[in-house]
Amino acid sequence: QVQLVESGGGLVQSGGSLRLSCAASGLLLDYYNIGWFRQAPGKEREGVSCMNTKDGSTYYADSVKGRFTISRDNAKNTVYLQMNSLKPEDTAVYYCAAELVFSCAPQFINYWGQGTQVTVSS
């Protein structure tokens, strides 16, 4: 059974940092493209950052470029999202995801975590 379990969310002041973690079981992340998505109240789920497992290339949404960094530790079967210079508009539930075909569009993702809440106060 595939499980992706996020942790590291919480409440932080504007300008602060958080690091999200996503521990995988039931699949080896070495073989999967990984990604972080978020969904704010009343908005659609959007791709924040994704990594292609084949060549390590990364995608970042324009809104987070220069502030967020995606990384992986295959030995720990874990994915991370370092978030710096957080803004109130980053407030959302953050989901990690894994998929065999590289995509940062949520409609193409089959494996999802349960989500972790990130709240940024102004």
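FYI, the numbering just counts along the sequence from 1.
- Rounded to the nearest 0.5 angstrom, Ser25 OG and Gln1 CD are separated by 7.5 Å.
- Scanning both residues, Ser103 and Cys50, for their nearest heavy atoms gives O-SG, 3.9 Å.
- The cluster map of Ile, Leu, Val, Met, Phe, Trp and Tyr, joined by side-chain heavy atoms under 4.5 Å apart, puts Phe102 and Tyr31 in different clusters.
- Checked by atom type and distance alone, the side chain of Gln39 never pairs as donor or acceptor with a backbone atom of Ala92 at under 3.5 Å.
- Side chain of Asn84 to main chain of Ser17: no donor-acceptor pair is present (N/O by atom type, distance under 3.5 Å, no hydrogens or angles).
- Few gaps surround CD on Gln107; more than 12 heavy atoms of other groups in view lie less than 6.0 Å from it.
- Two residues are said to be in side-chain contact when any heavy atoms from C-beta on lie closer than 4.5 Å; Thr69 and Tyr80 fail this criterion.
- Considering all non-hydrogen atoms of both residues, Lys54 and Asn33 come closest at N-OD1, 4.5 Å.
- For the pair Tyr95 and Cys22, the minimum side-chain heavy-atom distance is 4.5 Å or more.
- Following chains of ILVMFWY side-chain contacts shorter than 4.5 Å, one can reach Val12 starting from Leu81, so the two form part of one hydrophobic cluster.
- Taking CD of Gln82 as the start and CG of Leu18 as the end, the distance is 8.5 Å to the nearest 0.5 Å.
- Taking hydrophobic clusters as Ile, Leu, Val, Met, Phe, Trp and Tyr residues chained together by side-chain heavy-atom distances below 4.5 Å, Val93 does not share a cluster with Leu86.
- The minimum heavy-atom distance between Asn77 and Leu27, with the atom names listed, is ND2-O, 2.8 Å.
- Within the 3.5 Å criterion, the main-chain N or O of Tyr59 finds a donor-acceptor partner in the side chain of Ser49.
- With hydrogens and angles disregarded, a donor-acceptor distance shorter than 3.5 Å links the side chain of Glu99 to the backbone of Asn110.
- Val2 and Leu28 fall within the same hydrophobic cluster, where Ile, Leu, Val, Met, Phe, Trp and Tyr residues are linked whenever their side-chain heavy atoms come under 4.5 Å apart, directly or through other members.
- Residues Ile109 and Leu29 do not share a hydrophobic cluster, defined by chaining ILVMFWY side chains whose heavy atoms lie under 4.5 Å apart.
- Considering every non-hydrogen atom in both Trp36 and Leu20, the closest pair reads CH2-CB, 3.6 Å.
- The shortest distance between side-chain heavy atoms of Arg38 and Thr91 does not fall below 4.5 Å.
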For this session: Could you walk me through whether Met83 and Val64 pass side-chain contact (heavy atoms from CB on, under 4.5 Å), step by step?
Result: CA-CA 9 Å; Met83 306 186 294; Val64 306; over 6 Å; no
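- The two residues Ala105 and Phe37 come nearest to each other via the heavy atoms C-CE2, 4.0 Å.
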Problem set entry | Derivation and outcome, side-chain contact (heavy atoms from CB on, under 4.5 Å), residues Val48 and Phe68 | CA-CA 9 Å; Val48 174; Phe68 290 12; 3.6 Å; yes
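- When side chains are defined from C-beta on, Cys96 does not count as touching Val79, because their heavy atoms never get closer than 4.5 Å.
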For this session: Please assess Asp62 against Lys65 for the test salt bridge (Lys or Arg N to Asp or Glu O under 4.0 Å), listing each intermediate value before the final yes or no.
Result: CA-CA 5 Å; Asp62 287 343; Lys65 278 180 184 175; 3.1 Å; yes
For this session: For the pair Lys76 and Ser21, evaluate side-chain contact (heavy atoms from CB on, under 4.5 Å) and give the outcome as yes or no after the intermediate values.
Result: CA-CA 11 Å; Lys76 295 182 178 180; Ser21 300; over 6 Å; no
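- With hydrogens and angles ignored, the 3.5 Å screen pairs a side-chain donor or acceptor of Glu6 with a backbone N or O of Gly115.
- Side-chain contact check for Val101 versus Phe108: every heavy-atom pair is 4.5 Å or farther apart.
- Distance alone, capped at 3.5 Å, places no donor-acceptor pair between the Thr78 side chain and the Ala23 backbone.
- Surrounding OH of Tyr60 are more than 12 heavy atoms belonging to other residues, nucleotides or ligands, all under 6.0 Å away.
- Val120 and Lys87 get closest at one heavy-atom pair: CB-O, 3.2 Å.
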